[in-house]
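The model shown is predicted, which means the values in this text are computed figures rather than measured ones. Residue numbers start from 1 in every chain, and the chains themselves are labelled A, B, ... in the order their sequence lines are given, proteins ahead of strands.
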2 protein chains.
Amino acid sequence: MDQAGERREPTMRDVAALAKVSIKTVSRVINGLPGAGTEVTERVRAAARSLGYRPNLTASSLRRADRRSATIGVLFEDLSNPFDAALLRAVEDHARRSGVLVLAGSTEDDHTLQRELLVSLSARRVDGVVVMAAGGHQDALQHERERGTPMVLVDRPPTFGGTDCVTTTNRDSSRAAVLKLAALGHRDIAFLGDRRTLWTSQERYTGYLEGLAQAGLTLREALVRTDLHGVAVAETATAALFDLDRPPTALFTAQNLVTVGAMRVLRARDLHRRVAVIGFDDFPLADLLDPAVTVVRQDVPGIGRKAAELILARIDGDTSPPVHAVVPASLVPRGSGEIAALS
Amino acid sequence: MDQAGERREPTMRDVAALAKVSIKTVSRVINGLPGAGTEVTERVRAAARSLGYRPNLTASSLRRADRRSATIGVLFEDLSNPFDAALLRAVEDHARRSGVLVLAGSTEDDHTLQRELLVSLSARRVDGVVVMAAGGHQDALQHERERGTPMVLVDRPPTFGGTDCVTTTNRDSSRAAVLKLAALGHRDIAFLGDRRTLWTSQERYTGYLEGLAQAGLTLREALVRTDLHGVAVAETATAALFDLDRPPTALFTAQNLVTVGAMRVLRARDLHRRVAVIGFDDFPLADLLDPAVTVVRQDVPGIGRKAAELILARIDGDTSPPVHAVVPASLVPRGSGEIAALS
DNA sequence: ATGAAAGCGCTAACAC
DNA sequence: GTGTTAGCGCTTTCAT
């Protein structure tokens, strides 16, 4: 046996020859279509089994009227990020139940890569795509969508029309988080956010502003740090905050890696028991840190399920108006967000 | 614009008609093959662009001699598990650089699901598969392999021949971990492991036994707990250990979720500063816990890269003898594994 | 209930 | 350089 597999794959033709029926009859049996006698059916099945016949979905879909590949594309920013991975898993589960497989790719939040991956997917004639749009313009996505490819955006909405999306309560939950901190007596609440080009970052920042306003607090620009992509950058930014003359007494960290970076610094400076932290996005082991980290948790399985439902329905021909589904996030109090201000 | 895309996709035929050349010439231009005049080439390109032509890889591969779909299947236990996700990402990266896309699926360590997914992949004529084999028998994998499908197993080796695999130094690294604990004076070192049907669990247990023996310690069966699948079960088992008359003073936790469960219990019982812990498999934030968790870290990118290299080479026709690549893991000392026994 | 012929979009093999 | 013919494995259409 060698790795490259020499024997020619048996085809319906071979099965037909062995079963002494026409190729069309084989097609009927393999696809479970009516119009095949019981005895003939059995003969075909036996022939297929003995030859080791396997249906060729790619040839079938080429000829079939519906042209379905029973495959969808999923393009997320980074499949190794816990949030993306959980989302992929949720989409995959629901798709599989409909016999649909997932071609998965990481865009790295890079337009060029995103476009290349879209081209690769379309060359394989996927039935639809679920995309976490790269920040900035969405030209390639819009172009693909306008060609008629069914598309659902997750986490971030489209900047063009006619397309479904699924997001969470970024603004509302952020506002609630800030209000909670304010209620604990905090007046110097910092905002630490991911890239400003990301819609989620903007929404969470807007929620932060709304929270401050609603609590009657004034914004201190010095307490706002954005474009923190990755743990390391977040650490630097957090450290800088505590070198201020009047450092914050509470942090609202608007993304999971940012939260991690912030916690590292607080721990290093032994501030973790005095400075309150609420993070957006849950992360594994948040409950095991000291203190356990209070977070706004997105309903990732819910988002994935909704995205899968939408794309599958669109593929199935659903032409109802585009939907922007909003899946509620919830505040999970664990300790870090319940630290009161020293007054 | 509606979601279902009505217009018929333009084909090479359409492009040929518009450019007033034969379809074969279009094929040459699209595929960058020689034998097309400069002026004609430009005319074809223009026609393709104006029609919005997109090559159909699925039709092409049906006809082409090599029959490549430029797609591989990746079946892991759970794509939302950090280890699996990181591995997927590594494989995906390397595959993409060769123009290969990844069909990804979670087997849930379930044979039936694994077999169904294999069938789905083979119906789509993937060029090869990278699989984290479900525990127990590997009948479906062997069957698929014997059909000639290029295959690489990761994390766990095949129980049949003629197949590449990539694993880590499970036994050696486990032995080293136990020896390290013993060197710190620990004589009651517990083993907490995942499902016994998993090869990795067995290897790590064997390494544990070797470590004990080499350190001159005798095995206490009461300190061995296996089949701990998931955090919750691991917590129960850990708690039981500390209800023993002579509880362990050190733990070797042989999987990341088990480590997390154990840390939870130690924390809850305020034992985390007295009981030493070394875990197999790193996990996010292990360094932020109190104490930071000492782990045996697998080289996940290395494993993924090797697996990708192997599968791509086999697809490319490499018929050299099967390889069992072993990617070294390393011990990452962070604190929990450096707690000495009270003597 | 079964089959023959045509053709999905493309490329192989061979013309010219 | 360019085109023609055949056919990949399958489904469609229409016949019997």
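Residue A/T25 places no side-chain N or O under 4.0 Å from the OP1 or OP2 atom of C/dT2. For the OP1/OP2 pair of D/dT2 and a distance below 4.0 Å, the side-chain nitrogens and oxygens of B/S22 include no atom meeting the criterion. Side-chain nitrogen and oxygen atoms of A/R13 include none within less than 4.0 Å of the OP1 or OP2 phosphate oxygen of D/dG7.
Distance, A/K20 NZ to C/dT2 P: 16 Å, rounded to whole Å. Rounding to whole angstrom units, OH of residue A/Y53 and C1' of D/dG9 are separated by 7 Å. Rounded to whole Å, the distance from CD1 on A/I30 to C1' on D/dT11 is 14 Å. Atom C1' of nucleotide C/dT11 and atom CG of B/L57 are separated by 13 Å, given to the nearest angstrom. At whole-Å resolution of the value, CZ in A/R63 and C1' in D/dC8 are 13 Å apart. Here D/dG9 presents its C1' atom at 15 Å from CZ of B/R64, a figure rounded to the nearest Å. Protein atom CG of A/L33 is 14 Å distant from nucleotide atom P of D/dC10, rounded to whole Å. With rounding to whole Å, B/D14 atom CG is found 13 Å from C/dC8 atom C1'.
The CE atom of A/M132 sits 5.5 Å away from the CG atom of A/L87 when rounded to the nearest 0.5 Å.
Remark on DNA chain D: of its neighbouring residues B/A59 and B/T38, the 5'-side contact belongs to B/T38, judged by nearest-heavy-atom nucleotide. For B/K24 and B/L62, each mapped to the nucleotide of DNA chain C holding its nearest heavy atom, the one lying further toward the 5' end belongs to B/L62. For the pair B/T41 and A/T11, nearest-nucleotide mapping onto DNA chain D gives the more 5' position to B/T41.
Checking D/dT2, D/dT11, C/dT11 against every side-chain atom of B/R28, the shortest atom distance belongs to D/dT2. In this structure, of D/dG3, C/dT11, D/dG9, it is D/dG9 that holds the atom nearest to the side chain of A/N56. Distance from the side chain of B/I23 is smallest for C/dT11 among the nucleotides C/dT11, D/dG9, C/dT2. Nearest to the side chain of A/M12, among D/dT11, D/dT4, C/dG9, sits D/dT11. Closest to the side chain of B/S60, out of D/dC8, C/dC10, D/dT11, is C/dC10. Of the candidates D/dT12, C/dG9, D/dC8, the closest approach to any side-chain atom of B/R67 belongs to D/dC8.
With respect to A/D14 and A/R8, a salt bridge is recorded, a charged nitrogen being found less than 4.0 Å from a carboxylate O. A salt bridge links A/D109 with A/R195: the closest approach of a Lys/Arg side-chain nitrogen to an acidic carboxylate oxygen falls below 4.0 angstrom.
For the side chain to side chain contact (heavy atoms under 4.5 Å, CB included) with B/R124, the lone residue among A/L57, A/N56, A/L103, A/T58 that qualifies is A/L57. A side chain to side chain donor-acceptor pair (under 3.5 Å) with B/Q142 is found for exactly one of B/Q138, B/E144, B/E146, namely B/E146.
Nucleic acid contact class of B/G35 (heavy atoms, under 4.0 Å, all strands): base.
A distance-only check finds a donor-acceptor pair linking the side chain of B/D318 to the backbone of B/S320 [under 3.5 Å].
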